[in-house]
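Scroll down for the structure; my scribbles are underneath it.
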Amino acid sequence: MVKTVIVNDNGKLAEILQFEVPTEDFDLKRAIREACVEYCKTEDGWEKYSASKVFDVNSFLTYVPDIICKKHKFWRIQKPTACIFAERGEPILTKQEIKECNQYFNKKKGKEYNTCEVAAWFAQSWGVMETLGNLPPQDFKEAAGILVSWAEEFVEKGERDPILFFQQKMKKMKME
């Protein structure tokens with residue numbers, strides 16, 4: 001069984017270590033501590049500890065020999081292979097892949113509208129705006145023609161957000 005240890009260095013990934021352990025529930029942290037204690041009880045270990053008065057992860061990795069680790073039923077996989085190195089903010093998808101995902105999402109998840117239902121929705125919104133005084137009263141046939149042409153454009157372009165589309169059209173119409 002392999003256990004992975006990530007050694008943190010002030011919030012940045014410094015090193016990834018892997019150890020072979022006998023079981024999944026093996027207490028690797030305790031075993032490392034016991035191996036360090038055993039090493040520090042040797043003449044060489046006490047000398048290393050006395051020099052700095054600290055025995056940390058770097059000390060363990062640098063000084064504790066494999067033979068002591070094996071006595072405590074674990075051993076370091078000397079050179080764990082790194083298959084990739086990635087920055088946290090590095091994009092994974094290309095612009096083309098994002099475009100493909102968006103198209104897929106719109107086809108699979110987006111509602112398919114038809115011109116009639118979009119025109120009816122636009123007419124309802126138009127009537128509310130007119131009632132609230134946000135639009136001056138208009139000739140029915142002229143307003144219906146505008147709304148049908150907007151609905152046709154909405155469906156032809158494959159738009160997905162009728163609210164946003166309607167708001168943009170109303171804003172443009174008011175500016176003209």
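Quick note: numbers below take in every heavy atom, side chains included, and nothing from hydrogens, waters or symmetry partners. Start at 1 with the first residue, then count along the sequence.
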With a 3.5 Å cut-off and sequence neighbours excluded, list the donor-acceptor pairs that the side chains of residues 163-170 form with protein atoms.
from	atom 1	to	atom 2	distance (Å)
K169	NZ	E153	OE1	2.8
K169	NZ	E153	OE2	3.2

Between side-chain atoms of residues 141-151 and protein atoms elsewhere (two or more places apart, or another chain), which donor-acceptor pairs fall under 3.5 Å?
from	atom 1	to	atom 2	distance (Å)
S149	OG	G145	O	3.4
S149	OG	I146	O	2.8

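Residues meeting the salt bridge (Lys or Arg N to Asp or Glu O under 4.0 Å) test with D27, sequence neighbours left out: R30. Applying the salt bridge (Lys or Arg N to Asp or Glu O under 4.0 Å) test to D44 and every residue at least two apart in sequence or in another chain returns K48. For W75, the ring pair (Phe, Tyr, Trp, His ring centres under 6.0 Å) criterion is met by no residue, not counting sequence neighbours. Listed by chain and residue number, E38 satisfy the salt bridge (Lys or Arg N to Asp or Glu O under 4.0 Å) test with K71 (two or more places apart in sequence, or in another chain).
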Please test L17 against T4 for side chain to side chain contact (heavy atoms under 4.5 Å, CB included), starting from the C-alpha separation and ending with a verdict.
CA-CA 6 Å; L17 309 172; T4 302; over 6 Å; no
Does the side chain to side chain contact (heavy atoms under 4.5 Å, CB included) test come out yes or no for V2 and V21, once each step is laid out?
CA-CA 6 Å; V2 174; V21 298; over 6 Å; no
Check the pair V5, F19 against side chain to side chain contact (heavy atoms under 4.5 Å, CB included), reporting the backbone distance first and the verdict last.
CA-CA 8 Å; V5 176; F19 296 92; 3.8 Å; yes
Does K41 form a side chain to side chain contact (heavy atoms under 4.5 Å, CB included) with W46? I'd like the steps, not just the answer.
CA-CA 6 Å; K41 288 180 180 178; W46 185 249; over 6 Å; no
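A tilted orientation is assigned to the rings of Y39 and F55, their planes being inclined by 30° to 60°.
Heavy-atom contacts from other residues, nucleotides or ligands closer than 6.0 Å to CD of E24 number 12 or fewer.
Nearest heavy-atom pair across T23 and K3 is O-CE, 4.3 Å.
Between H72 and F74 the shortest side-chain heavy-atom distance falls below 4.5 Å.
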